[in-house]
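Order of the sequence lines sets the chain letters (A, B, ...), proteins ahead of strands, with each chain counted from 1.
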Number of protein chains: 2
Amino acid sequence: MTNDSTAPLVVGLAGCGTVGSGLLRVLAENGDLIRERTGRDIRIKSVLVRNPSRVRAAPLPEGARLVTDAALLTDDPETDVVVELMGGIDAPRILIDRALEHGKHIVTANKALLAEDGAGLFRKAAEKGLALLYEASVAGGIPIVQTLKESLAGNRIRSLVGILNGTSNYILSEMTSNGLDFETALAQAQEQGFAEADPTLDIDGHDAAHKLVLLIRLAYGVEYPYAELPIQGIRGLSELDINFAREFGYRIKLLGQVNEVDGRLEAGVFPTLVRHTFLLARVGGAYNAVRVEGNAVGSLFLHGRGAGDLPTASAVMGDLLAVARGARPNNTGFVRQVPERARILPPEEARSCYYVRVMVRDAPGVLRDLAGAMAAEGISLAQIIQKPEERCGVPLVFMTHEASARAMDAALRQAADAGLLRTPAVYYRILG
Amino acid sequence: MTNDSTAPLVVGLAGCGTVGSGLLRVLAENGDLIRERTGRDIRIKSVLVRNPSRVRAAPLPEGARLVTDAALLTDDPETDVVVELMGGIDAPRILIDRALEHGKHIVTANKALLAEDGAGLFRKAAEKGLALLYEASVAGGIPIVQTLKESLAGNRIRSLVGILNGTSNYILSEMTSNGLDFETALAQAQEQGFAEADPTLDIDGHDAAHKLVLLIRLAYGVEYPYAELPIQGIRGLSELDINFAREFGYRIKLLGQVNEVDGRLEAGVFPTLVRHTFLLARVGGAYNAVRVEGNAVGSLFLHGRGAGDLPTASAVMGDLLAVARGARPNNTGFVRQVPERARILPPEEARSCYYVRVMVRDAPGVLRDLAGAMAAEGISLAQIIQKPEERCGVPLVFMTHEASARAMDAALRQAADAGLLRTPAVYYRILG
């Protein structure tokens, strides 16, 4: 560890896109503050890029060099820390592994790598006594990693619910507040730079799922295999459902959530109805938020910018300053650096209240048969509205009492088999 | 430091009231988790109390002893950490000073002590290389101390605004939501255990002010003398103003706030109008919340339980686990352990938009003369409502554009001198 040093902390920066440029800008603006807080300077020595001739958003700091050979970061004896902001999985894994091998601390924003393939890196960092820090990988500037690892360390976490993807939240907010349809809202998000040209990772829930896997590891000290996490995104979500949910007093949000049910974890990413009085329902635009319930702290809610150059750089800075201060590595929040596999509640056993919309024929007996299909699976209805006929049929909207996913699937399959539904049923969980 | 130890962390607990009992309960419930997170047990060896025969809310852990002599904690060679939950100023200062002298780490929830008289203790802890941690002293379970010291360490803090006193917030929430008057809401808070028999510290703003001084130190690395902080509480706040504020789309909240104005700090505790769309306006009951604006992170909002046995114990636990893990002390978030005096903007130069209510005679020319007094001080009005006559006159309510406190005072003094006001003017800031 870099203990009690007053020498500059020497950094190799891998990747100089949006976040990397943001980091250079913050380092330049806040240099005096960094010295006051750590007693040291942070010096960028090398910046690894693919194309050195590309113009970048922030000027290179004095004395820094652009390099295209990763070994000039990972193997450089003078470099203390490698900051990985490249994105992707294979190249950064190789880079981080090699940097750890050479005794470098790591700061990364790479949620995909740590969620899908982090175990080996955490093990190596632990063996070497090095920091492997990743606050920037979840929820941008919101200090949820630090909060789970340290502030809430004395709490048994009962549940965690988060709006973890700003692009999806922006799209849902625009659909809700401005009445846009999904395609228009997505196009607008792309125009405004909130969504990538290929928005798959965001709108199909994978980005939120990566972050959720990291949060589960921090909260429970276990590995929830990414491939086993139930994931449902917001692609094609209908403005009909946004509007019906509103009438019931709810907003639809893409939530990553986990809770402990009798010693097993029930987790997933789903579009979910959130009561409008909840703070989570008030999270607008590209913001992120996380609500944690602990057995001592009760309910804790954190809200902030979930992406963007400067908020993400803020998180990278927090980690870099911890390394500069010589903080003892506490990478996973648990003594066991490589967590055990999570005990998982089979997703079909998960229980929730549901919002259900079906499109039916305007005919006598349809409601009776539908209600019968629900009752046959033990699902009781809390509220129901029938709406005027639309193009695809008459919308019938239910809110149910708590039911298992298995019962809900079975009831809706039975309704479909009985020919009651003119289009497949749409159903979403309701946050408890 | 207690490094790489697997021996139990031995704790002396000073004070076993609400929070102390909560801590014992959390330690008992979460013992296995503590081992998983630190590799150690936390063992309470001694509990310092005034009256050993009093019945306590939590059973004493196995092997712990009740003591009445502070030296059995402070001077005990086996004790690693002293947790101070006594309250008061002089006795805990002497205890903490002596414990530091004997090489003990300190965890405390004592905002009054650290705000009014913390400098010597921080200096001694720094000299000795010991932890002096105080997450529990501000906003209960909300990890704002940790967030400012570590997560946001790379940010220049532009402003910080907080609902820091749960009792006041409970009273204001009840007045707003249930139409209670101040005295009734206070009595109800006392009945429900949210307010002390002597509520002075809470409702007159002193408790919030103590916490604000600590937050200013963490955010800016400077000492804002408690005695110089402008403080206005909510005692006697009128339901008239709660209701008029509502009509304009605002809630009245007791805010502790600081912001940097050209290198000087403008700070204080004031009842303040908060736009109903802001998350801060949504903080209900005994909850606390803090909003921080940093030059990288943007806006970050934290919300949680601000008091109570378990939420406060959660914060104490976070600090204790940091000591158990052998974290390097980072007590103030700055290298300089004893901060310089803050450069303070004279309170009369502070600028804000204002809500103003005056009670006037129902006579021609009164509005003209009042508006004239405002205009003479360069204050322009954004909105105005005149209300039907009340017992003490006709309420005239203004919302102003930005004005200095000096101009507002002068204008209202002039109006009073001219005999326009039947009762003293009431005016509050509006959060920008």
Exercise for review: Compare all side-chain heavy atoms of Leu265(A) with those of Glu260(A) and state whether any distance is below 4.5 angstrom.
Suggested key: yes

**Study point:** Option in Ser299(B), Ala289(B), Ala153(B) with maximal non-hydrogen atom pairs under 4.5 Å from chain A
**Key:** Ala153(B)

Point to revise | Any donor-acceptor pair under 3.5 Å from Asp80(B) side chain to Val10(B) backbone | key: yes

Study note, to complete from the structure: Max heavy-atom pairs within cutoff under 4.5 Å with chain B, candidates Gly318(A), Ser151(A), Gly304(A), goes to Ser151(A)

**Study point:** Contact winner vs chain B - Val297(A), Asp319(A), Thr312(A), Leu302(A), heavy-atom pairs under 4.5 Å
**Key:** Val297(A)

Check your understanding: With chain B, which of Glu135(A), Met317(A), Glu29(A) has the greatest number of heavy-atom pairs at distances under 4.5 Å?
Key -> Glu29(A)

**Study point:** Ring centers of Phe334(A), Tyr220(A) separated by less than 6.0 Å
**Key:** no

**Study point:** Short side-chain donor-acceptor distance under 3.5 Å, Thr18(B) and Asp309(B)
**Key:** no

Revision key, fill the gap. So CD1 of Ile216(B) and NZ of Lys211(B): to nearest 0.5 Å the spacing works out to 14.5 Å

Revision key, fill the gap. So, the part of Thr38(A) with a heavy atom under 4.5 Å from chain B: the answer is backbone

Exercise for review: Taking the side chain as every heavy atom from C-beta outward, state whether Ser159(B) and Val258(B) have any pair of such atoms under 4.5 Å apart.
Suggested key: no

**Study point:** Heavy-atom pairs under 4.5 Å with chain B, option from Asn330(A), Thr277(A), Val283(A) with the top count
**Key:** Asn330(A)

Check your understanding: So what's closer than 4.5 Å to chain B heavy atoms on Ala313(A): side chain, backbone, both or neither?
Key -> neither

Check your understanding: Which answer fits Arg291(A), side chain, backbone, both or neither, if we ask what part of it has an atom under 4.5 Å from a heavy atom of chain B?
Key -> neither

Practice item. Output, in order, the C-alpha distance, side-chain angles, deciding distance and verdict of salt bridge (charged side-chain N to carboxylate O under 4.0 Å, His left out) for Asp32(B) and Arg37(B). Key: CA-CA 9 Å; Asp32(B) 55 337; Arg37(B) 285 201 175 270; over 6 Å; no

**Study point:** Engaged part of Ile34(A) at the chain B interface, taking heavy atoms whose separation is under 4.5 Å
**Key:** neither

Practice item. Please determine, among Pro143(B), Gly294(B), Gly308(B), Gly284(B), the option with the most heavy-atom pairs under 4.5 Å with chain A. Key: Pro143(B)

Check your understanding: Between Pro311(A), Gly154(A), Gly298(A), Ala296(A), which residue shows the highest count of heavy-atom pairs closer than 4.5 Å to chain B?
Key -> Ala296(A)

Exercise for review: Output the option from Arg336(B), Glu36(B), Arg35(B), Arg25(B) having the highest count of non-hydrogen pairs under 4.5 Å with chain A.
Suggested key: Glu36(B)

Check your understanding: Within the side chain of Ser314(B), is there an N or O that forms a donor-acceptor pair under 3.5 Å with the backbone of Leu310(B)?
Key -> no

**Study point:** Option in Gly140(A), Ala315(A), Gly333(A), Gly221(A) with maximal non-hydrogen atom pairs under 4.5 Å from chain B
**Key:** Gly333(A)

Point to revise | Check: His303(B) ring centre within less than 6.0 Å of Tyr287(B) ring centre | key: yes

Practice item. Between chain A and each of Leu152(B), Val316(B), Leu27(B), Asn295(B), count heavy-atom pairs under 4.5 Å; write down the option with the most. Key: Asn295(B)

Review point. Does the pair Thr147(B) and Val292(B) meet the rule for a side chain to side chain contact (heavy atoms under 4.5 Å, CB included), with working shown?
Key: CA-CA 10 Å; Thr147(B) 294; Val292(B) 189; 5.8 Å; no

Check your understanding: Between Val26(B), Leu279(B), Val145(B), which has the largest tally of heavy atom pairs under 4.5 Å with chain A?
Key -> Leu279(B)

